[in-house]
Number of protein chains: 2
Amino acid sequence: MNPTIKDVANYANVSIATVSRILNSTSAGYSEKTRELVMEAIEQLGYKPNAVARGLKNTRTQTIGVLFPDISGMVSSELLHGIEKVTHNLGHSVIVCNTASQGKKTLDYLKLLSEKRVEGILFASEEIKDEYYEAIKGMNIPAVLVSTKSHKHPLPYVKVDDRDAAYTATSYLIEKGHKNIGMISGIKQDPIAGSPRIEGFQAAMRDQLGNDSPVVVSAQGFSYEHGVEMFEKLIKAAPHTTAIFAASDEMAIGAMASAYHMNIKVPDDISVVGYDNLKISEMAIPPLTTLSQPLREMGEKATELLFEALTDKNSTQSSIIMPHQMIERESVKAMA
Amino acid sequence: MNPTIKDVANYANVSIATVSRILNSTSAGYSEKTRELVMEAIEQLGYKPNAVARGLKNTRTQTIGVLFPDISGMVSSELLHGIEKVTHNLGHSVIVCNTASQGKKTLDYLKLLSEKRVEGILFASEEIKDEYYEAIKGMNIPAVLVSTKSHKHPLPYVKVDDRDAAYTATSYLIEKGHKNIGMISGIKQDPIAGSPRIEGFQAAMRDQLGNDSPVVVSAQGFSYEHGVEMFEKLIKAAPHTTAIFAASDEMAIGAMASAYHMNIKVPDDISVVGYDNLKISEMAIPPLTTLSQPLREMGEKATELLFEALTDKNSTQSSIIMPHQMIERESVKAMA
DNA sequence: TTGAAAGCGATACCAC
DNA sequence: GTGGTATCGCTTTCAA
């Protein structure tokens, strides 16, 4: 069907070895004249080297695998954008996997990627279970975590410091003069987006306000719906709250919608700050003040880290803590 | 490094042919006893068949390529979700490509996918230029379009009927008693999301209101920012407008934000309907009434179509028009 | 039921 | 500078 290197060789009246050399612009083992001849043949035949055969021969498939818990989520999308970009710039391809946070699917995907002989793995936004780690280790290829980390397993990661970031966001609210600050947390057991953010919040409240038990309500997830639900709960539990720190932009926006329906004005009656700085935070009314994670850059950095490990067999494989930053918009009001 | 079929054969004291048969549960050419023996060997060695070698042997790589103009866009994300799901269910993988709407990148990706010997192509949300078509045709593999179509080239597609959908959305507004309806269009030259939606709008205005030249403002894109910009322009041009049809949810939400800042109330002073039914439309304040495209299902259907062509060499390869639907929320008010 | 061997399309070593 | 050929890991006839 597709012309092979052999066809090219025949057409140009040279050996396949020569064609191969020219294809790989290797050790100049050919004259300019034959090069032109071969190029002409390639052009005429519409020859495209078979990457599968190449991959078999040199065990380098030029593709990496990326695992997301929710591929259509806005966080995943941004990460993927960064990942795809540098992967492609480096001449590789990315195979995407949507684990739906299910162990079985994750293991399935890992097996598949292993069979496909991808050269590296990027694992995003989710906790690495022991089985995952074993599977990855068994593949003998580099892997890096993005927007997640593992306390237990020695895999390099790229993420912001969630505790610090939550501390920053809370401090921002305190600086604005708020004292009755409540937090809307996602899943509190979540070792990445759950407990560290709660701890950061609590630490800031303790350090700066001497408040040892600020109110925190936790949901079963980080979505918009969880935000609306938790806002009601929080207001019921602590009616004097003047500011809220939400563990995700989606929750923050859910909280604002909930406030709107309860006829509570943001930011006049209550201030809210989110976490992530997704595109939707600019689109909210009022535009959401939020703690920004540089998601796209995180995707890029993680990919670069992966390729370093791929290129330099004994690279340091250090992790990277990305800088976070408050983005001031209009959902926070300074207290009188 | 990785154990091969040969290692398994040695370990189990059988030939590689036998191992292969067992691996593929082919024509029962082996006894139950040797099967167990081989399975045991596979287990012990942690053997994983090399998909690259397989792919070379039978020219079936079990992977497809998907091209998006903007991989982190919300429309793309939803499509991708549906695509990835059925692809994985069918035991294949998807390689994602972000063309950024650039001809050179698109051609580059097509070439790459061709070299990687993907078995099929899914092309999303963008116009097929002649060069793209030629490149795809040259690959000799099936391709299907999602959320786009080509008038010029015979490629099957899966999409809603944009003209009909715009007609429906406009009719909805008319039914609600609106007469001064304006449209915020995206790029008007866009043969998919541009002109057809404008035409649908105009047709409804003409058919049902006898209005032959309703006001339409067009932007250079379909984003939130374009929406805020166009809302101002529209209001300036036609101050009596009571309802707006926006060509995308993002634009609709931009328009609402703009209205908010101009102290124009939605839906009391002006009604707005969007297009797409993205997750953000539920999150808007007020929740956006919009014309829904079943994006995820479109991704699924397109993938199914692709695999039909892959399986059944001479399948019909028909296109599919997906149903659209008005989703009523709170951004439209009936006229007195 | 099982094994030997050809071949998929490249790469790279070894001669010439 | 160029060609012959073994090899990558697997599938699949063809014989036994």
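Throughout, a chain's letter reflects where its sequence line sits, starting with A, and its residues are numbered from 1. Because the structure is a prediction, the values reported are computed rather than measured.
Residue B/S15 places at least one side-chain N or O closer than 4.0 Å to OP1 or OP2 of C/dG3. Taking 4.0 angstrom as the limit, B/S31 places a side-chain polar atom (N or O) nearer than this to OP1 or OP2 of C/dT2. Proximity of B/T34 to the phosphate of C/dT2: a side-chain N or O atom is located under 4.0 Å from OP1 or OP2. Between A/T18 and the phosphate of D/dG3, there is a side-chain N or O to OP1/OP2 separation shorter than 4.0 Å.
Here the P atom of nucleotide D/dT2 and the NZ atom of A/K33 are 9 Å apart, to the nearest Å. In this structure, the CD1 atom of A/I5 is 13 Å from the P atom of D/dG4, given to the nearest Å. Atom CG in A/N58 sits roughly 15 Å away from atom C1' in C/dC13 (whole-Å rounding).
Taking the centre of each ring, B/H92 and B/F307 come in below the 6.0 Å mark.
Where B/N13 and B/L56 meet DNA chain C, the nucleotide closest to each residue was compared, and B/N13 sits on the side nearer the 5' end. Both B/I16 and B/T59 sit near DNA chain C, but only B/I16 has its closest nucleotide nearer the 5' end.
Donor-acceptor pairing under 3.5 Å is recorded for the side chains of B/K116 and A/S93. Using modelled atom types and a 3.5 Å distance limit, the side chains of A/S77 and B/S77 yield a donor-acceptor pair.
Annotation: side chain of B/Y157 is in contact with side chain of B/I321 (closest heavy-atom distance under 4.5 Å).
The side chain of B/K57 approaches D/dC10 more closely than any other nucleotide in the set D/dC10, C/dA10, C/dG3.
Contacts between residues 41-48 of chain A and DNA chain C, defined by a heavy-atom separation under 4.0 Å, are made by A/Y47, A/K48.
A donor-acceptor pair is defined here as one N or O able to donate and one able to accept, closer than 3.5 Å; no such pair exists between the side chain of A/S114 and the backbone of A/L110.
Under 3.5 Å, the side chain of B/R21 and the base of C/dG3 form at least one donor-acceptor pair of N or O atoms.
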